[in-house]
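The structure appears right after this line, and notes come after that.
Along the sequence shown, residues are numbered consecutively beginning with 1. Values below: all heavy atoms of this structure, side chains included; hydrogens, waters and symmetry mates excluded.
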Amino acid sequence: MSVLIDKNTRLIVQGITGREGTFHAEQMLQYGTQVVAGVTTGKGGQTVLGVPVFDTVKEAIEATNANASILFVPAKHTAAGVYEALDAGLELVITIAEHVPVKDMMGIYHFSKSKNCRVIGPNSFGIISPGKAKAGFMSHKIFSEGNVGVMSRSATNCYETISMMTNNGIGQSTCIGVGGDMIPGSTFLDLLPLFEQDEQTKMIVMIGEIGGNEEELAAEYIKENITKPVIALIAGKNAPKGKSMGHAGAIVSADGTGSAENKEKMLAAAGVHIAENTAGIVEIVKKLL
């Protein structure tokens, strides 16, 4: 099993005719993902890498029975693309672009909840279930199939962790790029139940960072609802207070909410194993396996 995507995923690439869309569609196809359609307005009827291109998501679904979509479009066009995909009936939409306007993401977040659909991102590297499928731009060569579920706000920290896991013979069930923008379509809190329910996942790694209250809310949920071991890393401990560091969401409130210290304190109280760095994650996982 896996979380959100697997061998049965039939993926649409919105923006497939662009440089990034074409390049990553090719990588996903080579990995074995069923990329069944592309969507670019005005270019319907063309093919890219043998994949048919449609003018709308609705047309793509009707022709190919697609069940998920990934957007390789600029931030300013992300909202329109996500709304189109959700209106067409897709239950999983992944957004890659960074710095999608906050107002746009507020609308997307509430609209997706009203439709009971799941949006991953923005500023996400995507999702990969090693050995089954990938929908994103991650370097799939570092991933290996196994039973550790990973979700991360930081792509770099996730890649480092995955590489070390694989080199130590530790495989992954599913890895999800939650994204580092201020308002993600899905938070740790939204994704934890999926890993808890997944039979393949035996433990959960959560790579967070300073800013926001995602990890604090996750801690409360973990304490009451998660039975599997959870390992967490909070990046950004040395960031100056009151400043956003890199990701749009990585800013600490004046009252301490969002600080690494507060997040670690709450997670530890919930029984989560706290790692000091990416290497520390792997050491803890090795001890728990």
Side-chain angles (χ1 to χ4, degrees), residues 1-9 11 24 26-34 94 120 124-180 186 188 191-209 215 218-219 222 226-237 263-264 267-268 270-289:
M1 297 180 69
S2 57
V3 173
L4 294 179
I5 66 170
D6 56 24
K7 291 181 178 179
N8 296 315
T9 298
L11 188 67
H24 292 295
E26 182 175 28
Q27 297 297 306
M28 291 185 286
L29 284 164
Q30 289 178 356
Y31 193 68
T33 306
Q34 293 189 72
I94 303 163
I120 300 294
S124 168
F125 58 74
I127 310 171
I128 182 169
S129 290
K132 301 179 182 71
K134 83 164 188 173
F137 62 79
M138 70 290 290
S139 175
H140 52 257
K141 295 180 180 179
I142 65 174
F143 294 82
S144 58
E145 190 169 2
N147 56 22
V148 179
V150 181
M151 49 183 175
S152 178
R153 289 173 66 185
S154 166
T156 302
N157 283 315
C158 185
Y159 297 158
E160 288 182 1
T161 302
I162 294 300
S163 181
M164 284 187 280
M165 278 187 183
T166 296
N167 289 338
N168 281 272
I170 302 167
Q172 307 88 43
S173 54
T174 300
C175 300
I176 302 174
V178 177
S186 296
F188 291 140
L191 299 171
L192 277 165
L194 304 182
F195 284 107
E196 173 71 11
Q197 296 161 13
D198 180 43
E199 294 180 3
Q200 184 180 344
T201 301
K202 303 304 180 186
M203 67 181 66
I204 303 166
V205 170
M206 187 171 72
I207 303 175
E209 60 188 14
E215 293 81 1
I222 290 167
I226 301 299
T227 62
K228 299 175 181 180
V230 180
I231 303 96
L233 168 68
I234 307 299
K237 291 183 182 181
K263 291 175 187 284
E264 289 183 345
L267 287 165
V272 174
H273 303 269
I274 305 299
E276 292 299 315
N277 48 44
T278 52
I281 294 175
V282 178
E283 290 304 313
I284 294 171
V285 171
K286 287 168 65 177
K287 290 178 182 178
L288 294 175
L289 281 175

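Between the side chain of Tyr31 and the backbone N or O of Glu26, no donor-acceptor pair lies under 3.5 Å. In terms of modelled atom types and a separation under 3.5 Å, the side chain of Ser124 and the main chain of Gly177 share a donor-acceptor contact. The backbone N or O of Glu145 sits nowhere less than 3.5 Å from a side-chain atom of Gln172 that would complete a donor-acceptor pair. Although no hydrogens or angles enter the test, the distance criterion places a donor-acceptor pair under 3.5 Å between the side chain of Asn167 and the main chain of Ser163.
Distance check, rounded to the nearest 0.5 Å: CG of Leu233 to CG of Asn157 gives 6.0 Å. Rounding to the nearest 0.5 Å gives a distance of 11.0 Å between CD1 of Ile207 and OH of Tyr159. Atoms CG and NZ, on Leu288 and Lys202 in that order, are 14.5 Å from each other to the nearest 0.5 Å. The CG atom of Leu267 sits 6.0 Å away from the CD1 atom of Ile222 when rounded to the nearest 0.5 Å. Remark: Leu289 CG to Ile170 CD1 distance equals 5.5 Å, nearest 0.5 Å. Rounding to the nearest 0.5 Å gives a distance of 13.5 Å between CD1 of Ile281 and NZ of Lys286.
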Go through Val150 and Met165 one step at a time and tell me if the side chain to side chain contact (heavy atoms under 4.5 Å, CB included) criterion holds. CA-CA 11 Å; Val150 181; Met165 278 187 183; 4.2 Å; yes
Could you go step by step and tell me if Val282 and Thr278 meet the side chain to side chain contact (heavy atoms under 4.5 Å, CB included) rule? CA-CA 7 Å; Val282 178; Thr278 52; over 6 Å; no
Go through the steps to decide whether Glu209 and Lys263 satisfy the test salt bridge (Lys or Arg N to Asp or Glu O under 4.0 Å), and finish with yes or no. CA-CA 9 Å; Glu209 60 188 14; Lys263 291 175 187 284; over 6 Å; no
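Between Val148 and Val285, some side-chain heavy-atom pair lies under the 4.5 Å cut-off. Looking only at side-chain heavy atoms (C-beta outward), Glu196 and Thr227 come within less than 4.5 Å of each other. Between Glu264 and Glu215, the closest side-chain pair of non-hydrogen atoms is not below 4.5 Å. When side chains are defined from C-beta on, Met206 does not count as touching Val272, because their heavy atoms never get closer than 4.5 Å.
A pairwise comparison of heavy atoms in Phe195 and Thr174 identifies CE2-O, 3.6 Å as the closest pair. Considering all non-hydrogen atoms of both residues, Leu191 and Met151 come closest at CB-SD, 3.8 Å. What you find for Lys228 and Met203 is that their closest heavy atoms are CB-CA, 4.5 Å. Taking both residues in full, the closest heavy atoms of Gly126 and Ile94 are given as CA-CG2, 4.0 Å, listed atom of the first, atom of the second, then distance. The minimum heavy-atom distance between Leu4 and Ile120, with the atom names listed, is CD1-CD1, 4.0 Å. The two residues Leu11 and Thr33 come nearest to each other via the heavy atoms CD2-CG2, 4.2 Å.
Under the 3.5 Å distance criterion, with hydrogens and angles disregarded, no donor-acceptor pair is assigned to the side chains of Ser2 and Ser173.
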